[in-house]
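See below for the structure under consideration.
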Amino acid sequence: MPVSTATLGSVSFLSQLFNPDVSSLSCFLNHTKLSTLYSKPSLLKKPSSSSLYNLKVSASSASANPKTDNSQQAEAAVTAILDNSVSTDEIKPAPAPARRSADWKAARAYLHSGFIYGGRVEGFNGGGLLVRFYSLVGFLPFPQLSPSHSCKEPNKTIHQIAKGLVGSILSVKVIQAEEESRKLIFSEKEAVWTKFSTQINVGDVFEGKVSSVEDYGAFVHLRFPDGLYHLTGLVHVSEVSWDLVQDVRDILTEGDDVRVKLVNIDRGKSRLTLSIKQLEEDPLLETLDKVIPQEGSADSDSLTTSNSSTIEPLPGLDAIFKELLQEDGINDVRISRQGFEKRVVSQDLQLWLSNVPPSDNMFTLLARAGRQVQEIQLATSLDQEGIKKALQRVLERVP
C-alpha cells in the first residue's frame, strides 16, 4: 500500500497511522495508543519542483451531512493529495494568517493529546529558549529543561547552556496553547517524563546529584544507566536522616552526590518521592549488642556499669516513661543498668529498640545521651512492631 501524508496546517502524520473507523481528526489525535508519537522534522518537507504537496483542509465538511459514513467523514475532515507531478503553478500557498491559525489548532491538538514534538531551538532570552513550532515560535522556560543539560555541563551558567542549544532539536510537550494571548509554552521535562518514567519502579536505588535545597527538603536529579540525569525527585526533610534534622542545609548542599531510594511515584502529577535514610539501618531496630557489648567480648571494657537502684534517668526520660505507661499493652517501665562509653555518639537523647523479640513479656530499650547509656526494661504484651509504634506515638507527644 503506498504511503501518503495527511496534513492539517503544517502537522504531518503518516496515513498508515489513521484508524479507518475514525470520524474526525480529533478522534485520531486522542487515540491512546499514539500517546508517544513523535513529530519528526524529517516528515516536514518544503515544496520543491520534485516533491510538492497540494493541501486541502476542511473543518466543516465532516459535519455537513450527518448521514455520511465514517470513511467519508474521515476523508472530508482531512483530505490530502500527494502528487510529485504537480507543478508549482498549481500550488497556491495559504495566506499567513490562515497558516498561523492552522498551526495554533495543531498546537492545541498536541496539548490535548500529549504527543511529543521535536522543536528546533531558534534562540533564547533571559528566561528560557525560543522553540520553533511550524510557523509559530513558542517559549520553553529554563525550569522546564531536562536536568541532563546542567548535569552534563555543571560549570556553565544556564545562559551558556542555552547558547549551546541554539540550532538543536529538543523533544518537548506543549503545556499551554492560547491563541488569543499568543502563549505557546513547551516543557522538555514533561517529554522526558513520558519516556523515562516507564523505566522506574518503587524500591529502585539511584545515584543522584542534589540540584537545590529548600526548607522542606532537597531536590535530587537521578542518573540513569546511560550516564545522564533525566528525572528529578524530592527528598523530604523527614527522609534525609534518621536523626532530627532542623535545617536540611546542614546536611546537604547543591551539587552533592548522594544515593537515594525511590519510595513513591505519582504518575498523575509527574512527581517522585525519594529517601536517603531508608538506605541506612533504622537505629530503632539496631541490636543492643552493637551499643552495649556483652561480657567477654573484645569491646566489653568500653562500658562500665552501675547499680540499677542508684541510676538517675537521663534528662527527658521521666516524661517518656510516663507517656509509655499510658499506652495500651505497656505495664511497667524501669531502668535495669547504666554504662559510660568511651566515645560520644550524640549529645541528644536517643532511644533504640532491640532486634531481639519480647521474651516472657519483657522487652529492652536503650537510651543514650553523650557518653551515658541506660538499658530500659518494658513489661509489655506488645510485639516488636507494636512497641515501635507505641514509642513513635510517645515521641510525637513529648516536646
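In this text, all values refer to a predicted model and were calculated from it rather than measured experimentally.
Using cut-offs of 30° and 60° on the angle between ring planes, the pair F186 and Y117 is parallel.
Between D103 and K105, none of the side-chain N atoms (NZ, or NE/NH1/NH2) sits under 4.0 Å from a carboxylate O, so this pair counts as no salt bridge. With respect to the salt-bridge test (charged N to carboxylate O, under 4.0 angstrom), the residues R108 and E178 do not qualify. Remark: E122 engages R132 in a salt bridge, criterion side-chain N to carboxylate O under 4.0 Å.
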Check against side chain to side chain donor-acceptor pair (under 3.5 Å), Q338 and Q372: CA-CA 7 Å; Q338 173 178 266; Q372 280 185 277; 3.1 Å; yes
Step-by-step side chain to side chain donor-acceptor pair (under 3.5 Å) determination, E188 to S171: CA-CA 6 Å; E188 187 185 23; S171 295; over 6 Å; no
Worked check of ring pair (Phe, Tyr, Trp, His ring centres under 6.0 Å) between F133 and Y110: CA-CA 11 Å; F133 185 85; Y110 272 95; 5.6 Å; yes
Chi angles and distances behind the side chain to side chain donor-acceptor pair (under 3.5 Å) call for T157, H159: CA-CA 5 Å; T157 66; H159 292 95; 5.0 Å; no
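Here NE2 of H236 is found 11.5 Å from OG of S275. Values are rounded to the nearest 0.5 Å. Interatomic distance, CG of L252 versus CD of E214, reported as 12.0 Å (0.5 Å rounding). Remark: L391 CG to E323 CD distance equals 11.5 Å, nearest 0.5 Å. Note that CD of Q160 is 9.5 Å distant from CG of N155, once rounded to the nearest 0.5 Å. S336 contributes atom OG, which lies 10.0 Å from atom CG of L378 (distance to the nearest 0.5 angstrom). Taking CE of M362 as the start and CG of D332 as the end, the distance is 7.0 Å to the nearest 0.5 Å.
At a cut-off of 3.5 Å, with distance as the only test, no side-chain donor of E375 or T364 sits close to an acceptor on the other residue. Side chain to side chain, T194 and K173 meet the donor-acceptor criterion of an N or O pair below 3.5 Å. At a cut-off of 3.5 Å, with distance as the only test, a side-chain donor of H221 or T232 sits close to an acceptor on the other residue.
Between A367 and I376 the shortest heavy-atom distance is CB-CD1, 3.8 Å. Between I185 and P141, the shortest heavy-atom distance links the atoms CG2-CD, 3.8 Å. In terms of heavy-atom proximity, L395 sits nearest to L351 at CD2-CD1, 4.1 Å.
Y229 has its ring centre no less than 6.0 Å from the ring centre of F224.
Applying the 6.0 Å contact sphere to CZ of R249 captures more than 12 heavy atoms from other residues, nucleotides or ligands. When the shell of 6.0 Å around CG of D328 is examined, it contains 12 or fewer heavy atoms from other residues, nucleotides or ligands.
The side-chain contact (heavy atoms from CB on, under 4.5 Å) test applied to R393 returns E327, K389, A390, R397, not counting sequence neighbours. Take I265 and apply the side-chain contact (heavy atoms from CB on, under 4.5 Å) test, not counting sequence neighbours, and it matches W193, I200, V202, L262, R267, L272.
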